[in-house]
Number of protein chains: 2
Amino acid sequence: MDRKGWVTALGLLAWLGACTVGPAQGGKLLVAPVDGSHWFSLQVLVEELSRRGHEVVVLVPELSFFLQGSEHYRTEVFHVPYTKEELDASIQRLREGGFKEMKASDVIANVQHLITFTNTQVKGCEGLLYDIPLMDRLRSEGFELVLTDPFLPCGPLIAETFAIPAVYFLWGMPCGLDNLATQCPMPPSYVPRFFSGNTDVMNFPQRVKNMLFTIQEIFLCWKLYASFNELTSRYLGRDTTYKEVLSHGAIWLMRYDFTFQYPRPLMPNVVLIGGINCAKRNPLSAEVETFVNGSGEHGFVVFTLGSMVSQFPEEKVQQFLEAFRQIPQRVLWRYTGPLPANIPHNVKLMNWLPQNDLLGHPKARVFIAHGGTHGVYEGICNAVPMVFMPLFGDQYDNVQRMVARGVAEVLSATDVTSEQIVWALNEVINDTSYKEKMLKLSAIHKDRPIEPLDLAVHWTEFVMRHKGAEHLRPAAHNLNWFQYHSLDVIGLLLTVAVTVVVVTVKSCTFCFRKCCRRKSQKKKNE
Amino acid sequence: MDRKGWVTALGLLAWLGACTVGPAQGGKLLVAPVDGSHWFSLQVLVEELSRRGHEVVVLVPELSFFLQGSEHYRTEVFHVPYTKEELDASIQRLREGGFKEMKASDVIANVQHLITFTNTQVKGCEGLLYDIPLMDRLRSEGFELVLTDPFLPCGPLIAETFAIPAVYFLWGMPCGLDNLATQCPMPPSYVPRFFSGNTDVMNFPQRVKNMLFTIQEIFLCWKLYASFNELTSRYLGRDTTYKEVLSHGAIWLMRYDFTFQYPRPLMPNVVLIGGINCAKRNPLSAEVETFVNGSGEHGFVVFTLGSMVSQFPEEKVQQFLEAFRQIPQRVLWRYTGPLPANIPHNVKLMNWLPQNDLLGHPKARVFIAHGGTHGVYEGICNAVPMVFMPLFGDQYDNVQRMVARGVAEVLSATDVTSEQIVWALNEVINDTSYKEKMLKLSAIHKDRPIEPLDLAVHWTEFVMRHKGAEHLRPAAHNLNWFQYHSLDVIGLLLTVAVTVVVVTVKSCTFCFRKCCRRKSQKKKNE
């Protein structure tokens, strides 16, 4: 080999050496995803695993919003015991809440809608789990791992019955079931609870509220996961809970990042992969490229309310159009409702927006979004300040975190006006502090030793290579809550301490009295 | 450029792209190390930082064991207010304990020795901190970061007064001060305390013992860090504690790994770099290479009791020599005491052993060590089963973790005999389970997305780039222990609950009585 040849070989060798994630192992994974926006980031990992030479089979319900076949993986379609109309209705009820003024009865109704929606999804799981021929076929295929979103019980239950390890991929779980299942301490004194409206810095009344929300979560968990627990016990044929099954997950790939969430304790088998959805990037289409490039020095606004909300009430549409008419920026709006008549010339409505690609464009000025986690991460990754209009679920909390960091403003969906929209846009665009803080946040977010996608691939492959990650499972799982909090030990020690004090005091009193009596006796005798 | 040239360029480009840690930023760091074995792994990071283009200044006391100048960094030598004899005496008292049978009075004496040793070191710190010309010169140099081992207060106090961020590099701190300073929850129900002899799985009496050790740690901390707290308050001119200063550390690089330690909660600014000391590897000298290669199929034993213990009692030496005479393996022994007369032909005594390089040799069969963390990691990295003879400090705990994993046997330093040594060596060499378990443990340890050294470099550079890591600092630091545990909130809620119950019961009783009285009145009237 000549000198150049050697240099080439050395270069390649260096490349191989520098790659921290080893070559593909050619494993076989079963993926049990959750439909809706949950799928968008899991899909990034699934496609990457396939690209690295793993055989991937994705379980897809026959009725779904976004789950579908791909050249990257094989799909197994399973029957679900509900109709398209029932599915649409269950999600529609969830969506509607956002734009209405909330009364106490609405909050309860919303929780009920969430339970109905979840129960519909659980029924879908049952359709899969009790499809004996399909399950037998899957079992015989010799999968090494189940990669799943534990928001629904299908994946964790399959892993349990197939006796293979599970890797979970998630943002978080309602009522903090993920923390309970990983045995992660979450002190209510500084870890704000969902929907509490608290940040991590709380005064006394806020801490009281946070504690009340913590207590309420116990009941919410019990109510929300009743159907999960029933299915789990019935399917596994033993009296158990969904939390117990979840606790055997080898690795929890969580879409968390501390540029977004508040710092709090973590467990060793929790791997943070927040921002993984930013990895997917494509060039803009010629049409969109022309539109945004034509926005001149003022740049453009990206406006989308997420995958599940593409149309919204006519009067709100008019408020936004009225606002957009007053700003010099161009606007790209994901909109699928009935076409309004008076669309300003600077607004372009589209059925679907390549969000991340648009936000990566240097002329992107503001991102108007609902506060879903994918959108928030895309805003952070691309350093685009945001204007939020949260609609339901965790969106209120997500938004608050960004507002607290000074990189976003928030609008109320129930009574938004064009004036407020114009004010918020002007504020975020013209007050440079939003952009400056966002640039800093983005720099911190992207300054990581390894990309979230590589990290997710590594740990998924790790679990396949070592058939689990038992060395990361804390012994806390062997304890009940009474033992975990050492209440029995504290009880014993307190009893001993009290006994010692009482006996000592009694003895002293006794001696003292004896002594006194003897003295007084002596005096009397004298 | 011809085809080969392009391939070369592409290879190099790929290498650059694949490197997860960016190019050197050319920062300026001040390193405040701790002498002894503490330095060995910090040195690896310091040299790597220098190699990557950072300007590194290391603070070295004029009297030291291992701290010295190097081509990789500049040193600043400072005066210490003790003599070589005083330093040697303070360490000698610590060393002596290991080989003696322990009585209760010895335990207290040992704690006293530890306090004396620490106080001597703290005095050294004072020598540095109150060297005004040196401190002024350092301050004017514009360091961006202090990289330090918080085992001693010099580094953290310099960072505090220079108002620059600090990165801590450590294994752990006596009485768990690191957990207190990072606000890391350590439930005593499954996180074994130092010296408790517990593993992570405890029965009720063991949990009681663990709780008692937890309580005792509070007093130990108070006693052990009294001189630290006094110096901190005096030097900073305000009433504060060393823990409070420590809590401002940006990143804690901890030599932890869950193949060694038990799984437990972690805080976001704690970065695990266990095994970083294995990164340093050199070829064996010709003399050593010949000796170990001549060991044939039986292989060889590596024997060292760490950097601080190179000689030990004559009768123990004889027991070991007697044992080695009976085994077919060759033995390399780090030994600096008076040369014994009857050295068997299979034993080679050396002043210093290249531990990690020797353990990486395919003929290495067993590693006899004292259970210091560096040695344990070198055993794990190189998959060599171990025979331990712990002598002091955390070594008993370290050893127990390895024995619990089935990769090591343990000997008692106080009454070791040649029979026991032969038994332990034969057990570990001939029972293949030790080697098999060690191979698995080693594979898990080394299967990581990024090397500990690269991780340590990344986070050190991160802190320099962003002037801290404020986004990883939990809000728990704003709370006192009463608030942290929500005791005030629980108090209020309990008071409200009790009041409600009492008022309800009283009201009911009142109504009931009224009702009864009326009825009985009615009856009477009738």
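Labels below follow one simple rule: chain letters A, B, ... track the order of the sequence lines, proteins then strands, and each chain is numbered from 1. Since the model is a prediction, treat every value here as computed from it, not as a measurement.
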Completion exercise
dist Gln483(A):CD -> Met202(B):CE (nearest 0.5 Å) comes out at 11.5 Å
Handout entry: Options Leu472(B), Thr259(B), Asp488(B), ranked by heavy-atom pairs under 4.5 Å with chain A, top entry
Key = Asp488(B)
Completion exercise
Note: Val201(A) and Asn478(B) closest approach over all heavy atoms is CG2-ND2, 3.8 Å
Practice task
Can you tell which part of Arg473(B) gets under 4.5 Å to a heavy atom of chain A, answering side chain, backbone, both or neither?
Solution key: backbone
Exercise for the section: Work out which heavy atom in Tyr190(B) is nearest to a heavy atom in Met267(A); give both atom names and the distance. Expected result: OH-CE, 3.6 Å
Exercise for the section: Would you mind reporting whether Leu492(B) and Phe204(A) have side-chain heavy atoms less than 4.5 Å apart? Expected result: yes
Practice task
For residues Arg448(B) and His458(A), report the shortest heavy-atom separation together with the two atoms involved.
Solution key: C-CE1, 3.3 Å
Fill in the blank from the handout: Under 4.5 Å to a heavy atom of chain B? For Leu266(A) that would be both
Problem - Residue among Ala469(B), Ser189(B), Pro474(B), Pro188(B) with most heavy-atom pairs under 4.5 Å to chain A - result: Ser189(B)
Handout entry: chain B contact via Tyr262(A) - side chain, backbone, both or neither, heavy atoms under 4.5 Å
Key = neither
Problem - Portion of Ile215(B) that has a non-hydrogen atom of chain A nearer than 4.5 angstrom - result: side chain
Exercise for the section: Measure Leu441(A) against the heavy atoms of chain B and call it side chain, backbone, both or neither at under 4.5 Å. Expected result: neither
Practice task
Heavy atoms only: give me the nearest Ala475(B)-Asp200(A) pair and the separation to one decimal.
Solution key: CB-O, 3.3 Å
Exercise for the section: Step by step, work out the side-chain contact (heavy atoms from CB on, under 4.5 Å) result for Leu455(B) and Ile450(A). Expected result: CA-CA 9 Å; Leu455(B) 203 57; Ile450(A) 176 168; over 6 Å; no
Practice task
Select one option (side chain, backbone, both, neither) describing which atoms of Pro187(B) are under 4.5 Å from chain A's heavy atoms.
Solution key: side chain
Exercise for the section: Let me know if Pro185(A) has heavy atoms under 4.5 Å from chain B in its side chain, its backbone, both or neither. Expected result: side chain
Fill in the blank from the handout: Distance col, row His471(A):NE2 vs Arg405(B):CZ, nearest 0.5 angstrom, shows 9.0 Å
Handout entry: Within 6.0 angstrom of Glu470(A) CD, more than 12 heavy atoms from elsewhere
Key = no
Problem - Contacting moiety of Arg207(B), where chain A heavy atoms sit under 4.5 Å - result: both
Problem - Shortest non-hydrogen separation from Val208(A) to Val489(B) and the atoms involved - result: CA-CG1, 3.8 Å
Exercise for the section: Go through the atoms of Leu479(B) and report whether side chain, backbone, both or neither lie under 4.5 Å from a heavy atom of chain A. Expected result: side chain
Exercise for the section: State which residues pass side chain to side chain contact (heavy atoms under 4.5 Å, CB included) with His466(B); sequence neighbours excluded, sorted by chain then number. Expected result: Ala443(A), Ile444(A), Asp447(A), Phe462(B)
